[in-house]
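Report on one structure; see the data block that follows.
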Amino acid sequence: MNTSLTALARLERRLREVAGDVRQDEPMSRHVLFRIGGPADLLVIPRSIGELRAAIAVLFEECHPLVILGNGSNVLIGDRGIRGAVVKIGRGVGRVRIKGTKVIAEAGAGLPALALRTARQGLAGLEFAAGIPGSVGGAVVMNAGAYGHSMSEVFAAAEVLTPDGPICVGPEAMGFGYRTTAIQGRPWVVASVALALRPDSPALVQSRLEGWLERRGATQPIGRMSAGCFFRNPSGDHAGRLIEAVGGKGLAVGGARVSEIHANYIVNEGGATAADVLALAAQVRARLQERLGITLELEVKLLGEF
Ligand SMILES: Cc1cc2nc3c(=O)[nH]c(=O)nc-3n(C[C@H](O)[C@H](O)[C@H](O)COP(=O)(O)OP(=O)(O)OC[C@H]3O[C@@H](n4cnc5c(N)ncnc54)[C@H](O)[C@@H]3O)c2cc1C
């Protein structure tokens, strides 16, 4: 057996000691909304925040590269999959406590469900988030936002697991920017989040939330296999508007197509590969570069081997 296989087997054994759901060669297409992606050598799905903390501690101790997945709604995973271990922070790590206007949510809690629940309780601040199909942890890491609002407005603090131990990160250290935070690019894992909401009339909060959902339903390809907006908006403009302006709507490669409803969405029409998506994205970028001199950057995170 070669060294890396031995190391992986050892890692798997240690992870099984602390987490109940550890899978080998798991197709990642099952775990992301794009429904694209090859197998991960190891996939750990913690069933509680305790299992999450323990699994991450093992991975840090073993100095093992770490890929974290929330609800998989903003990622494209390569066709060759992910070498090493992926930790998917999902429903098992999804407990939520609400005390007054303060919400403590474990990272795997679903953002849309939390937005609905807090709206019903007359807590304002998450109305914009009801149609964002991420986990709370993923939404904080991405500083997800819509209609002029973003997670940074309601964020109070996060418990973050780091190779040096757990730390509490406040709003300043989080370094919020447009779809970015200081967590991105670091081996840090958001385990739970505290949000500060505002009291308001339940009827008003719910009607704002429903208004945003209606608008979203009319302008975005809801329910299709995608990773949300594929490109970041260039300063002062919208990637979707620009892609439409250069005739990008409907362009296709294999099973991947630029949505006819919203040009910044690439949708998997069935059987799309990551290679299809990247080839299509390259065509779109080339069009914008040639015709408008604008370079589009990816919003979607690329994970694994392509
Ligand atoms: C139909 C649709 C609509 C969308 N609409 C919007 C929108 O309006 N606004 C918007 O901003 N986004 C939107 N998105 C994108 C996406 O839903 C958000 O970015 C969401 O917050 C990502 O959360 P997630 O849990 O799915 O993260 P993932 O996609 O699983 O992960 C995203 C990144 O965060 C990292 N990550 C995830 N969880 C953690 C954690 N706990 N600790 C450390 N790192 C972590 C991952 O490693 C990855 O780099 C949309 C997506 C879809 C499919």
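Because only heavy atoms are used, hydrogens play no part in the values below, and waters and symmetry mates are left out as well, while side chains stay in. Just so you know, ligand 1 is whichever comes first in the structure, and atom 1 is the first atom listed for that ligand. Note that the coordinates shown come from a computational prediction; the quantities given were computed from them, not determined experimentally.
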Discussion item. With side chain to side chain contact (heavy atoms under 4.5 Å, CB included) as the criterion, how do Leu242 and Asp237 come out once you've worked through the C-alpha distance, each side chain's angles and the decisive distance to 0.1 Å?
Written reply: CA-CA 8 Å; Leu242 294 166; Asp237 214 327; 3.5 Å; yes
Check: of Ile132, Ile56, Leu76, min heavy-atom distance to atom 18 (C) of ligand 1 comes from Ile132
*Parallel, tilted or perpendicular: which fits the ring planes of Tyr147 and Trp212, with parallel below 30° and perpendicular above 60°?*
parallel
- Message: Using a plain distance cutoff, I'd like to know if Asn143 has any nitrogen or oxygen under 3.5 Å from a nitrogen or oxygen of ligand 1.
- Response: no
Are any of the N/O atoms on Gly70, whether in the backbone or the side chain, positioned under 3.5 angstrom from an N/O atom of ligand 1?
yes
So the atoms of ligand 1 within less than 4.0 Å of a heavy atom of Ile89 turn out to be 41 (N)
With heavy atoms and a 4.0 Å threshold, my read on which part of Val141 contacts ligand 1 is side chain
Candidate pair Arg224 and Phe34, rule side chain to side chain contact (heavy atoms under 4.5 Å, CB included), full reasoning: CA-CA 8 Å; Arg224 306 291 305 275; Phe34 234 150; over 6 Å; no
Restricting to heavy atoms, the pick from Pro133, Gly110, Ala130, Ala109 nearest atom 2 (C) of ligand 1 would be Pro133
Surrounding CZ of Arg91 (heavy atoms of other residues, nucleotides or ligands, distance under 6.0 Å), is the total greater than 12? no
Among Trp212, Phe128, Tyr265, closest by heavy atom to atom 1 (C) of ligand 1 is Tyr265
**OP:** Report yes or no: does Arg257 contribute a side-chain atom to a donor-acceptor pair with the main-chain N or O of Glu269 at less than 3.5 Å?
**Re:** no
- Could you tell me whether some N/O pair between Ala144 and ligand 1 is separated by less than 3.5 angstrom? no
Report task. Using atom types as modelled and distance alone, determine if a side-chain donor or acceptor of His262 lies under 3.5 Å from a backbone N or O of Asn264. Result -> yes
Note: ligand 1 atoms sitting under 4.0 Å from heavy atoms of Ala139 are 21 (O), 23 (O)
Per-atom filter on ligand 1: closer than 4.0 angstrom to a heavy atom of Gly228 are 2 (C), 50 (C), 51 (C), 52 (C), 53 (C)
for atom 31 (O) of ligand 1, nearest protein heavy atom and its distance come out as Val75 CG1, 3.8 Å
min-distance protein heavy atom vs atom 40 (C) of ligand 1 -> Ile68 CG2, 3.7 Å
| field | Residues, nucleotides or ligands: over 12 heavy atoms within 6.0 Å of Arg97 CZ | value | no
Check: of Met225, Glu299, Gln220, Arg216, min heavy-atom distance to atom 8 (O) of ligand 1 comes from Arg216
If you scan protein heavy atoms around atom 24 (P) of ligand 1, the nearest is Asn71 N, 3.5 Å
- Test of ring centre spacing under 6.0 Å for Phe176 and Phe155: yes
Regarding ligand 1, does Gly72 bring an N or O atom to under 3.5 Å of one of the ligand's N or O atoms?
yes
Return a yes/no value for Ile222: is any of its N or O atoms, backbone included, closer than 3.5 angstrom to an N or O of ligand 1? no
Rounded to the nearest 0.5 Å, the CD atom of Glu260 sits from the CG atom of Leu251 at a distance of 9.0 Å
The closest protein heavy-atom partner of atom 25 (O) of ligand 1 is Ser135 OG, 2.6 Å
Passes side chain to side chain contact (heavy atoms under 4.5 Å, CB included), Val277 versus Val300? Steps please.
CA-CA 11 Å; Val277 174; Val300 164; over 6 Å; no
Of Gly90, Ser73, Ala129, the residue with the heavy atom nearest atom 20 (C) of ligand 1 is Ser73
message = Is there a side chain to side chain contact (heavy atoms under 4.5 Å, CB included) between Lys249 and Ile243? Walk through the geometry before answering.
response = CA-CA 7 Å; Lys249 269 189 172 175; Ile243 296 167; over 6 Å; no
_I want to check a possible cation-pi pair here: Arg186 against Trp188, using under 6.0 Å from ring centre and within 45° of the ring axis as the test._
yes
When distances are taken from atom 33 (C) of ligand 1, the protein heavy atom at minimum range is Met142 SD, 3.8 Å
One finds that the ligand 1 atoms under 4.0 Å from a non-hydrogen atom of Val189 are 42 (N), 43 (C)
- Task: Return a yes/no value for Asn74: is any of its N or O atoms, backbone included, closer than 3.5 angstrom to an N or O of ligand 1?
- Result: yes
message = Within the 3.5 Å criterion, strictly below it, is a donor on Ser192 or Glu159 matched to an acceptor on the partner's side chain?
response = yes
**Study point:** Ser226-ligand 1 polar pair, N/O distance under 3.5 Å
**Key:** no
Near Ala146 (heavy-atom distance under 4.0 Å), the atoms of ligand 1 are 8 (O)
* **Short side-chain to backbone donor-acceptor contact, Gln283 and Gly248, under 3.5 Å** => no
Ligand 1 N/O within reach of Arg179 N/O, cut-off under 3.5 Å:
yes
For Lys301, the atoms of ligand 1 under 4.0 Å from one of its heavy atoms are 49 (O)
The protein heavy atom nearest to atom 37 (C) of ligand 1 is Gly138 CA, 3.6 Å
Nearest non-hydrogen protein atom to atom 41 (N) of ligand 1, with distance, is Val190 O, 3.0 Å
Looking only at heavy atoms, the pair that brings Ala156 and Pro171 closest together is O-CD, 3.2 Å
Under 4.0 Å from one or more heavy atoms of Trp188, ligand 1 contributes atoms 43 (C)
Numbered in order shown, the ligand 1 atoms found under 4.0 Å of a heavy atom of Gly145 are 7 (C), 8 (O), 9 (N), 10 (C), 11 (O)
Discussion item. Test your reading of the model: is there a side-chain donor-acceptor pair from Arg232 to the backbone of Glu297, 3.5 Å cut-off?
Written reply: no
Between Asp41 (side chain only) and Gly84 (backbone N and O only), is there a donor and an acceptor less than 3.5 Å apart?
yes
Nearest non-hydrogen protein atom to atom 23 (O) of ligand 1, with distance, is Gly134 CA, 3.5 Å
